[in-house]
Every structure is written in C-alpha cells, then in structure tokens.
Protein chains: 2
Amino acid sequence: MTDLLPPIQTTARDDAVLKALAGFVRREALGPGEKLPTERILAERLKVSRNTVREALTRWEGLGLVERRQGSGTYLKAAVSPDMLHMPLTLAGGNDFAGLMATLEIRRALEAEAAALCAIRAGKAELAEIERKLDLMEEAFQTRAGMSSDEDWEFHQAVFRASGNPLFEQIIAAMYEMFHRFWEHPLGVRDFGHASFPYHRTIFNCIAARDPDGARAEALKLIATVEDDLKRGAANLKLSDRR
Amino acid sequence: MTDLLPPIQTTARDDAVLKALAGFVRREALGPGEKLPTERILAERLKVSRNTVREALTRWEGLGLVERRQGSGTYLKAAVSPDMLHMPLTLAGGNDFAGLMATLEIRRALEAEAAALCAIRAGKAELAEIERKLDLMEEAFQTRAGMSSDEDWEFHQAVFRASGNPLFEQIIAAMYEMFHRFWEHPLGVRDFGHASFPYHRTIFNCIAARDPDGARAEALKLIATVEDDLKRGAANLKLSDRR
DNA sequence: GTGCAGAAATTGGTTGGACCATTGAACCAC
DNA sequence: GTGGTTCAATGGTCCAACCAATTTCTGCAC
C-alpha cells in the first residue's frame, strides 16, 4: 500500500542519459578498461547539453563505475549493465582504535561466512585460482621474511570471489580500506600479521576438502590473530606516546 | 613498496567543495532534514562556478547524502562528517532471486555476529530497549495476525545498536534497503516472515541470558526461515508466470 | 481579520558557448 | 633511439541566460 502510484517523472535527464549509455555499453559489449564516447559526442548524439552528460557521468564516477582522465577520455572501470542495483554505503569513520576493532568485527563475520560458502560453491577453476594466490603469498612470505599485505589481500579476494556473492568482496573491501586509512605502520607492531600466516593454508585446505564448518573455524582463528596483533599494538601505543 | 609516490593532485575542485561543505555542516551542526545553502550562494562564497557546485552536490546526491528539490532547495538526508568513507555497492543484474539471496547471505553473517556481540556487551538500558521493541513487535503480530516489517526491523536495529559496533547497523541497513527495493510483494508468499516470529523472542532470551553462542544460533535459525520463504516464493514465481 | 487566487521571487535543472589544463600522438632536431 | 616541440583531442571550469517547480508575498473579496 505504501508506494503504488510512484510520482511521475516529468524530467529525469541524467537518468535517461545513464540508461542510454548503459544500453550503449551493452550493445557494444564494452568491458572494463574500454573507452566511452567523449562527452561532446554523447551530448550531440543524445541531444542534451554537455553539462547534463557531465552530471550523469559524475554520478557513475561516484559509483566507481567509470574513470575520467582529463585530456584522454572516460573509461569503464567496472562492468555496467542496464539493470544494476546501487546501494551507496557511507561509513562514519572512527579514526581510532575502536574504529579499527569495529572493522575487524565485520571482517570476522563476513570472512567466516565467505570461507564457508566458498567451500560449498567454489568450482575447479576458482579453487585453482585461490591456490595460486596462496602460493604467491607463501612465496612472498619466504622471500621477505614477513607478511606481504598485497599478496595476503589478493588471497582473501580470491576466496570472496569464489563465494559466489559479489557483496562479500565489495563490503570487505570497504573494511579493508577503512582499516588501512590510519594504519601506515601497524601501531608499532613490527611483525604484524605474522601469526595469521599458517591459517591461510588451513583455510584453503578446508575449502578444497569441501568442509564449510572447518573453513569457517579457520577463518575465525585467522581474524583472532589479527585482533590480537591489534591489541598488542594498542598497548604499545598507550605506552609510548599519548597524542 | 607499492604506493609510495602516489600521484599528486593538482586540481580537485569538486572534492574541495565537498570538503568545505562538510566542514560547514559540522560547524553549523546541521542534521538530516535541514536545508543547505543554495547553489548560487555556495558558488559565490566558495568562489567557484555554480556548475562546479552542482557537480559536487550531484556526487552527494548519488551517495544518498542529500536530496535536491527543485524550487525549494537542497536538504540533508543523512548525517555527514568530513571523514566519511564512501563505498558504493553494486549488484549486477540484481533484479532477481540471486540478488535477494546475496543480501540475505550478508545478513546471515552479520546478524549472527551482531546478536552474539550484543549478548556480550548490551547494557541494562539497551536490553530494556530491545525488549520494548520486541513487545511492540509481538503486539503488532497479534493485532494484525502477521509479521509487520516495520516493527520487525526496529527490533533488529535495536540489537545492532546494542552490539556496540555502528557498522553493523549501517551495513545491514543497506542490505535491508536493497532487499525491499524489488520486493513489493514477497513473491506471492502471503505469510512471508511468519515463520521467523518465534525466533525474535528466543534471540532476546539468549541475549538477556548473556549467551552469545545461543544468540548466534537463534539468529541463524531466523535467517534460515526467511531464506526458506524466499525459496518458496521463487518456486511460486516459476510456476505461475515466466515473464 | 480571513481566505484565497494570482503575481513575484526563489531555487534547482538545462542550455550553449567559451576558455583552461592535461594528455597523447606526430614530428623534428640531435 | 632520445629528448624536446607542436598540436589536436578531451575532460575541467566558468559564465550568462533561460526553463520549471516551489515557495512566498500581495491584494482583493468577503
């Protein structure tokens, strides 16, 4: 009963532009990295002002679907389709220890679930991809004698992708970014993340063995080590300088 | 080694405008529903073109932070702060059963964790608030002989708030909105959510008894009933009309 | 004074045209 | 090849005007 009879749209130029553009992308089968028509061309073809085109593209840019490079052009950054659903999530950033712990609690919940789902759903190709990332990570660990956050993150991303639910990757990416925003040096803990290393392999083993509950349990252990590192770091911080 | 030497930013007019505006909102202590200065005023004060102001506001509008009403003004729709993190979530081809299930999987993970944390952390006042919402929900259930999604949602929100982690509420709210966007009628299932009713009380009991594992288990059962309803709905849909 | 229709002012939405800043390719001297 | 220079293409910004929806004011009838 609530919103039947939605308000009619007498004007919706921007949306119309985006709809047309999404259709264009589909027809031309454009993928990430490919170049869109220039703003001037779009304005002319769609019979709208270039300014309107720009507002529409600004929306897509804000959604991370598109990247504009001055002097070069506008490029697709993600797959777009006419029937996408957008859900902007804005997080009030807590720039303190509590904020970090908050992101970790979200990670704990999602990471465990994703690992479990992955153990159920991952196909052969995805399993191989996860193992490849795992090997890369372990190699980096040997070489540099410590955790490499890039390879580590790629491993986790591969797991999220294989979970069959794109939301996992997107949401945890937000947590990850939030986590790294005020964490250039991990609060003075030198071997941050070191303890988490072995659990990557155990998680993979559970996934490969199609053992959801095991994968969930190992993921929880992994997050627990990170939480522990964080708490140690907070203790260090409290000792050294209280800004 | 990865991203030292980040690309320098020579111009960032839009961002500068938004930063200034966020500062303004904070200084004036503006909250949701309140009116922002007009585009013309902003352009004049910030010494930028009105066009630039519009592109900046378009970004905020796309993020759902602001609402523009022609002839009236621009109004705040959510709390904004200078240190927000924006994470637009996009679900490709979300208008189908798979999209609904995707949001539910996120809910399953977060809802269980939030309930467990709540059982650990909720204070007396928060506990009372949750029980109040529970009573309201049960009353509405008796009166209307069915689940009321408003009261139901308020109960869950109260739990998230008492979890001590604001991210739970924010993220699940986004899932909730996405869920309801293509779910006017619950796919032909008349008593949608009916089966979930008793678990609200059992969740609360576990929380009040400080039993995190129990709360988690009951929350999982609740989500399971919703998933079940959803699957029944999908089956109905497949039988009736295949558009 | 009250109520209400119509005028006027306000405000976001759109347009067209102009110019600036950056990019990338073509070209040239060495 | 290397390193500059030129030049066209492209996104970024600005301006001035007008359109469309909304709000506010005005003045008249009662």
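So you know, we letter chains A, B, ... as the sequences are listed, proteins then strands, and number each from 1. Worth knowing before you read on, the calculation uses all heavy atoms, side chains too, and leaves out hydrogens, waters and symmetry mates.
Minimum atom distance to the side chain of A:Arg68 is reached by D:dG12, of the listed D:dT22, D:dT13, D:dG12. In the set C:dA21, C:dT11, C:dT14, the nucleotide with an atom closest to the side chain of B:Arg54 is C:dT14. Listed nucleotides: D:dT13, D:dA20, D:dT23. Nearest to the side chain of B:Gln70: D:dA20.
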Quiz item: Where do B:Glu105 and B:Arg107 land on the salt bridge (Lys or Arg N to Asp or Glu O under 4.0 Å) test, with the steps shown first?
Solution: CA-CA 5 Å; B:Glu105 282 171 6; B:Arg107 276 189 65 184; over 6 Å; no
Quiz item: Could you go step by step and tell me if B:Arg132 and B:Glu139 meet the salt bridge (Lys or Arg N to Asp or Glu O under 4.0 Å) rule?
Solution: CA-CA 11 Å; B:Arg132 201 175 66 83; B:Glu139 189 185 321; over 6 Å; no
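Near-neighbour residues of DNA chain C inside residues 37-53 of chain B, defined by a heavy atom below 4.0 Å, number-ordered: B:Thr38, B:Glu39, B:Arg40, B:Arg50. DNA chain C is contacted by no residue of residues 19-30 of chain B, taking any non-hydrogen atom closer than 4.0 Å.
A close approach under 4.0 Å does not occur between any side-chain nitrogen or oxygen of A:Arg69 and OP1 or OP2 of C:dT22. Note on A:Thr74: every side-chain N or O is 4.0 Å or more away from OP1 and OP2 of D:dT10.
Rounded to a whole Å, the CD atom of A:Glu67 is 12 Å from the P atom of D:dG11. As a whole-Å value, the separation of A:Arg13 CZ from D:dC18 C1' is 13 Å. The OH atom of A:Tyr75 sits 15 Å away from the P atom of D:dA9 (whole-angstrom rounding).
Between A:Asp152 and A:His200, the side chains place a donor N or O and an acceptor N or O closer than 3.5 Å (distance only, hydrogens not considered).
Using a cut-off of 4.0 Å between Lys/Arg side-chain N and Asp/Glu carboxylate O, A:Arg161 and A:Glu126 are scored as not salt-bridged. Ion pairing of B:Glu129 with B:Lys133 is present here, as a side-chain N (NZ or NE/NH1/NH2) and a carboxylate O approach within less than 4.0 Å.
Considering only heavy atoms from C-beta on, B:Leu89 stays 4.5 Å or farther from B:Met178 through its side chain.
Remark: the backbone N or O of B:Ile223 is not paired with any side-chain donor or acceptor of B:Arg108 at under 3.5 angstrom. Proximity of a side-chain donor or acceptor of A:Asn165 to a complementary backbone N or O of B:Ala102 within less than 3.5 Å is detected.
Judged by closest nucleotide on DNA chain C, B:Gly71 is the one of A:Gly71 and B:Gly71 placed further toward the 5' end.
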Pair up each side-chain donor or acceptor in residues 31-39 of chain A with any protein partner under 3.5 Å, not counting sequence neighbours, and list the distances.
from: A:Glu34; atom 1: OE2; to: A:Gly31; atom 2: N; distance (Å): 2.9
from: A:Lys35; atom 1: NZ; to: A:Ser72; atom 2: O; distance (Å): 3.3
from: A:Thr38; atom 1: OG1; to: A:Ile41; atom 2: N; distance (Å): 3.2
from: A:Glu39; atom 1: OE1; to: A:Arg50; atom 2: NE; distance (Å): 3.1
from: A:Glu39; atom 1: OE1; to: A:Arg50; atom 2: NH2; distance (Å): 3.2
from: A:Glu39; atom 1: OE1; to: A:Arg54; atom 2: NH1; distance (Å): 3.2
from: A:Glu39; atom 1: OE2; to: A:Arg54; atom 2: NH1; distance (Å): 2.8
from: A:Glu39; atom 1: OE2; to: A:Arg68; atom 2: NH2; distance (Å): 3.4

